[in-house]
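What you are looking at is a predicted structure, and each value in this text was computed from that prediction instead of being measured. In listed order, ligands and their atoms are each counted from 1. Heavy-atom basis, side chains included; hydrogens, waters and symmetry copies ignored.
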Amino acid sequence: MAKIAVLGFGVVGSGTVELFYKNKDSIIKKAGTDLDIKYILDIRDFPGSPFADKFTKSIDDIVNDDEVTIVAEAMGGVNPAYDFVKSCLEKGKSVVTSNKELVAKKGAELLAIAKKMNCNFLFEASTGGAIPVIRPMHRCLAGNEISAVAGILNGTTNFILTKMINEQMDFAEALKIAQDLGYAEKDPTADIEGHDACRKICILSSLAFGKHVYPDWVHCEGITKITAEDAQYAENWGGAIKLIGSVKKTADGKILPMVRPAFICDGNQLSHVSDVFNAIMVYADAVDQVMFYGRGAGKFPTASAIVGDIVDAARMNGTSVSQTWEDSADNSFIADYKDDVVSVYVRTKGVSQAKVSEAFGTVEYISRENQPADELAFITPELKEKDFDAKLEALGGEILGKIRVLDMED
Ligand code: NDP
Ligand code: HSE
């Protein structure tokens with residue numbers, strides 16, 4: 001018998017409780033032991049809730065109750081989630097979480113505590129929402145050396161880009177719908193500026209390469225500078241713009257994690273991932289490449305991953321089999337993105353083709369309907385990012401847009 005506590009009764013926490021009771025009988029069969037939710041912790045009151053008898057406002061009720069062996073954290077943020085999760089793990093309770101900020105900033109430490117206490121710290125819901133990707137990378141791909149991971153890791157921004165491009169919806173309106181649907185972070189700046197995708201690529205990088213990658217070490221750009229004109233050029237070029245989180249091994253043995261919008265050609269499956277869906281490509285020596293795809297955010301898709309982890313925590317009670325990685329003292333194993341070789345889409349105003357050729361040599365020009373006479377858009381040949389910056393400066397005129405072309409294998 002295992003008693004569960006759920007921390008946070010917002011979108012994900014309430015989804016977890018509702019899904020658990022909806023499918024309780026089959027969940028218990030899969031867990032191989034009787035399960036029930038004993039506590040729900042939230043700072044808010046929920047008058048008239050069918051779960052009224054379970055609410056508490058005190059974490060001590062949970063930490064000090066030996067009957068509770070599994071805790072599902074869905075409050076978000078680092079404080080006080082970190083203190084609550086740490087206290088539970090130190091008592092030997094397994095913790096499952098959807099909180100990517102917590103895992104990206106404190107994962108190595110919390111995993112070490114779980115190992116020491118012979119319990120588990122699981123976070124399938126932290127990356128890719130409903131998509132099973134953490135466990136498959138940790139277990140099913142264990143025989144591989146992973147060389148790169150690249151994916152659409154944020155449902156809100158993919159939803160916004162899809163609405164802007166397919167329905168010509170305004171950015172603010174698309175964001176409002178994503179918030180109403182429960183996709184966005186409490187502060188949606190984290191979504192649109194790429195910080196949420198950054199936390200997720202930190203988790204995937206740590207998992208793939210065995211050393212904790214902290215968000216501050218990752219170059220990160222969001223979607224706020226993308227315009228409808230850029231999207232039109234991308235379509236005419238034969239692709240789409242997506243916010244991509246990626247990490248790859250570099251020739252000098254380091255790794256390069258990064259988050260940025262990218263031009264992706266039609267031949268790459270990532271270009272066809274729309275709406276709130278996420279997709280993650282993993283490149284590895286034995287499998288070549290595998291793709292994980294599904295809903296990247298939302299109440300029940302995320303609850304699905306949390307409940308899956310609860311079942312695993314119950315099945316693995318008394319053992320510590322969570323994925324794990326070392327903490328890292330410094331970022332000397334992270335490559336400088338300025339040394340990366342890139343090809344870039346550039347949109348300019350008031351720049352001549354002669355100037356473009358002088359700076360970049362032969363480029364691929366792209367056109368769009370109603371293109372102003374003084375506007376040029378082109379894709380550069382491959383060059384180092386730092387050389388690109390210098391050449392762009394030498395162009396003169398006005399730079400209306402610049403977006404890297406995804407360099408991962410198709
Ligand atoms: P919500 O804001 O909807 O839910 C969080 C809940 O926790 C709120 O009810 C909040 O109350 C409560 N809470 C906050 N602080 C405390 C505290 N100190 N003690 C008790 N309760 C507290 O967020 P979501 O459910 O959307 O997200 C939860 C976590 O899951 C986040 O880390 C998020 O990034 C992650 N996630 C979310 C997904 C989604 O689709 N929404 C998908 C995957 C992961 P109050 O509102 O009053 O602050
Ligand atoms: N805000 C996040 C997203 C939630 O939109 O992807 C899922 O992690």
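- With T227 contributing its side chain and D230 its backbone, the two residues share a donor-acceptor pair below 3.5 Å.
- Classification of D309 and R135 as a salt-bridged pair holds, one side-chain N sitting under 4.0 Å from a carboxylate O.
- At a 4.0 Å heavy-atom cut-off, ligand 2 does not touch T127 at all.
- Checking only distances, G296 never comes within under 3.5 Å of ligand 1, N or O to N or O.
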Which is it for E101 and K186 under the salt bridge (Lys or Arg N to Asp or Glu O under 4.0 Å) test, yes or no, and what are the steps along the way? CA-CA 12 Å; E101 187 176 3; K186 197 168 188 175; over 6 Å; no
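- D65 and K3 are not joined by a salt bridge, as no carboxylate oxygen comes within less than 4.0 angstrom of a charged side-chain nitrogen.
- Against a heavy-atom cut-off of under 4.0 Å, G155 is close to the following atoms of ligand 2: 3 (C), 5 (O), 6 (O).
- For the residues R199, K186, R44, the heavy atom positioned nearest atom 48 (O) of ligand 1 is part of K186.
- Put simply, no part of G129 is less than 4.0 Å from ligand 1, judged by heavy atoms.
- Residue-ligand proximity, D191 to ligand 2, at heavy-atom distances under 4.0 Å covers atoms 1 (N), 2 (C), 3 (C), 5 (O).
- Close placement of the F51 and Y21 rings is indicated, their centers lying within 6.0 Å of each other.
- Close contacts of ligand 1 with A297, meaning ligand atoms under 4.0 Å from a residue heavy atom, involve 40 (O).
- Of the candidates N158, V259, I280, I280 is the only one forming a side chain to side chain contact (heavy atoms under 4.5 Å, CB included) with L153.
- Taking only nitrogen or oxygen atoms, main chain and side chain alike, N278 does not reach within less than 3.5 Å of ligand 2.
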